Protein chains: 2
Amino acid sequence: MLLILRAMSSRPVRRRGAATIDLVLCSAHGGRLHVLVVKSAGGTPVLPFTWSAEGESLEQAARDLAKDLTGHAAAWLTVGTATAARRHPTGAALSVPFVGIVGPAVVASGGAAWHPIESLPALAPRQKAMAEDALETLRLHMDAAPVAFRLLAASFTLSDLQQAYELLLGRRLHKASFRRALQAAYLVEPIDEWRSEGRGRPAQLFRYAPRKHRGGHRSVRFDLIGR
Amino acid sequence: MLLILRAMSSRPVRRRGAATIDLVLCSAHGGRLHVLVVKSAGGTPVLPFTWSAEGESLEQAARDLAKDLTGHAAAWLTVGTATAARRHPTGAALSVPFVGIVGPAVVASGGAAWHPIESLPALAPRQKAMAEDALETLRLHMDAAPVAFRLLAASFTLSDLQQAYELLLGRRLHKASFRRALQAAYLVEPIDEWRSEGRGRPAQLFRYAPRKHRGGHRSVRFDLIGR
DNA sequence: TGACATTAGTTGCGGAATGTTACTTATTCT
DNA sequence: AGAATAAGTAACATTCCGCAACTAATGTCA
């Protein structure tokens with residue numbers, strides 16, 4: 001399936017030997033983070049990958065790969081930690097992992113399947129390491145980029161958003177505090193729609209609409225350094 | 001000088017064609033962040049670099065390069081954003097930048113020189129981009145790693161530390177607030193030494209000694225998202 | 001129909017964290 | 001001795017945050 005999809009697009013010719021671009025594509029389903037895994041020619045599970053091409057941006061290649069795979073552009077994408085120590089399934093010397101996010105509506109098709117990030121299938125060592133680093137990469141960027149928002153559809157409830165943050169942070173948050181902080185940041189805007197999940201009061205929908213606000217110049221938090 | 005130093009060490013044979021490992025080595029002098037720049041064979045300024053070698057860790061190669069260059073091991077090192085779009089001086093297709101830190105005692109020798117990060121000499125485009133990304137990379141990691149501490153010597157005054165944070169954050173901090181937050185985080189330990197800079201009261205010296213403390217599970221800060 | 005469960009969303013309080021100002025302490029310079 | 005300089009502290013007001021309790025809107029089920 002991967003090969004078929006790649007043949008459908010007209011991208012630069014890629015040659016074996018340079019570096020692989022490995023894609024750790026993430027999505028949130030059912031309150032858990034999932035990673036897209038495909039099948040290699042031999043049937044073993046692998047992360048989607050492509051080869052770097054002369055003169056082409058690595059990021060663009062990763063974006064093309066994500067689009068070919070899912071039919072949707074990645075909602076967010078960043079480069080991870082390039083590595084050469086372990087062996088890539090293809091024997092490539094170098095791997096450049098990209099960590100991407102697609103919204104919850106993207107379904108896996110063909111040989112591709114979403115796997116919970118805590119219980120991935122048996123990947124090759126280098127790919128396994130890259131997948132396990134993905135969450136850390138997302139955490140690293142979530143203070144400066146709207147990572148949590150990209151896990152959601154364009155319109156979402158505040159409970160959805162809180163759940164996304166809890167997913168990324170790995171801990172529970174307090175509802176009232178979360179909403180107060182969110183309001184103070186002018187990051188979301190209510191839209192005139194409500195969603196009912198069946199039980200309980202319907203929730204208002206919001207969209208990501210950051211407004212310029214002079215970043216409160218507050219002190220430093222040392223909370224995270226030193227374990 | 002670079003070539004001489006590299007010949008002195010017995011590292012794996014590196015062959016042209018794979019990827020360059022470019023080093024953005026940073027250090028703080030006189031309240032400003034500096035980057036180490038060397039001279040190429042042709043005399044033009046370049047970032048120190050080496051070639052990736054089969055089977056060797058990219059990070060280890062970068063660490064070796066830093067040690068060969070300065071005689072000191074890098075106090076901290078992380079990988080930056082791999083790139084292929086622009087042209088490397090050597091014509092390499094791929095570059096993996098590493099952003100490193102050495103303490104203030106490391107002096108440049110031979111063809112190497114420290115340049116303020118705001119006024120770098122005319123580097124090749126790809127290297128210029130990598131160097132300009134360095135500060136952003138450091139900022140990205142400073143909440144999770146002791147980046148600011150690595151810019152300092154093993155013992156330092158609290159004013160030194162505050163200056164390092166101000167350097168990285170690009171804004172002034174309040175002395176009292178900074179010290180309170182620092183005390184609450186159990187990150188430093190006073191040692192029984194004082195340093196006098198000539199005028200003013202001598203400052204007590206501290207060292208980085210993080211103690212396990214249950215990270216206060218506080219709410220999220222949205223300050224930085226959305227510009 | 002009416003009590004109950006469930007989820008969304010708000011309010012108010014107390015304690016913790018932070019910004020600000022002013023102060024004390026220790027040293028050098030003149 | 002007194003001014004200048006920098007380190008370090010104290011006190012107070014303000015803001016932030018965790019918590020608990022509350023209201024609101026819907027579905028469920030006896």
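None of these values were measured; they are calculated from a predicted model. Worth knowing before you read on, the calculation uses all heavy atoms, side chains too, and leaves out hydrogens, waters and symmetry mates. Below, chains carry the letters A, B, ... as their sequence lines are ordered, and counting in each starts from 1.
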**Request:** Quickly work out the B:D160 CG to D:dA6 P distance and round it to whole Å.
**Result:** 13 Å
**Request:** Specify the separation, in whole Å, of atom NE2 of B:H174 and atom P of C:dT20.
**Result:** 4 Å
**Request:** Evaluate whether atom CZ of A:R207 has more than 12 neighbouring non-hydrogen atoms of other residues, nucleotides or ligands under 6.0 angstrom away.
**Result:** no
**Prompt:** Given atom CZ of B:R171 and atom P of C:dT18, what is their separation to the nearest angstrom?
**Reply:** 12 Å
**Prompt:** Contact class for B:A176 vs. all strands (heavy atom < 4.0 Å): base, sugar-phosphate, or nothing?
**Reply:** base
**Request:** Rounded to the nearest angstrom, tell me the gap between atom CZ in B:F156 and atom P in D:dG8.
**Result:** 12 Å
**Item:** Any donor-acceptor N/O pair under 3.5 Å between D:dG18 base and A:R180 side chain
**Value:** yes
**Request:** Would you mind telling me which residue lines up with the more 5' stretch of DNA chain D, A:A184 or B:R179, judged by nearest nucleotide?
**Result:** B:R179
**Asked** Would you call the rings of A:Y208 and A:F149 parallel, tilted or perpendicular, where under 30° means parallel and over 60° means perpendicular?
**Response** tilted
**Value in whole Å for how far the P atom of C:dA26 lies from CH2 of B:W194** = 11 Å
**Message:** Quick check for you: among D:dA7, C:dA8, D:dC17, whose closest atom lies nearest to any side-chain atom of A:S177?
**Reply:** D:dC17
**Message:** Checking contacts here: which listed nucleotide (D:dG8, D:dC19, D:dT9) is nearest the side-chain heavy atoms of B:R201?
**Reply:** D:dG8
**Item:** Distance, rounded to the nearest Å, where B:L182 contributes CG and D:dA7 contributes P
**Value:** 15 Å
**Message:** Taking any heavy-atom pair under 4.0 Å as a contact, classify A:S159: base, sugar-phosphate, or nothing.
**Reply:** sugar-phosphate
**Asked** Is the shortest distance from a Lys or Arg side-chain nitrogen in B:R211 or B:E189 to a carboxylate oxygen in the other one below 4.0 Å?
**Response** no
**Prompt:** Would A:T83 and A:S95 count as a side-chain hydrogen bond (donor to acceptor under 3.5 Å, both in side chains) if you check the C-alpha gap in whole Å, the side-chain angles of each, and the deciding distance to 0.1 Å?
**Reply:** CA-CA 5 Å; A:T83 178; A:S95 289; over 6 Å; no
**Asked** Touch check for B:E197, heavy atoms < 4.0 angstrom, all strands: base, sugar-phosphate only, or nothing?
**Response** nothing
**Asked** Is the shortest side-chain N/O distance from B:R199 to OP1 or OP2 of C:dC29 below 4.0 Å?
**Response** no
**Request:** Taking only the side-chain heavy atoms of A:R221 (C-beta and beyond), determine which of C:dT18, D:dC19, D:dA10 contains the nearest atom.
**Result:** C:dT18
**Request:** Report the residues that fulfil side chain to side chain contact (heavy atoms under 4.5 Å, CB included) with A:D160, sequence neighbours left out, ordered by chain and then residue number.
**Result:** A:L152, A:F156, A:T157, A:R195
**Message:** Rounding to an integer number of Å, can you tell me how far B:F222 CZ sits from D:dT15 C1'?
**Reply:** 17 Å
**Prompt:** Which of these nucleotides, C:dG9, D:dA7, C:dT21, is closest to any side-chain atom of B:A203?
**Reply:** D:dA7
**Message:** Taking the minimum atom-to-atom distance to the side chain of B:K175, which one of D:dA7, C:dT6, C:dT20 wins?
**Reply:** D:dA7
**Request:** Take the protein atom CZ of A:R172 and the nucleotide atom C1' of D:dC17, then report the distance between them rounded to whole Å.
**Result:** 17 Å
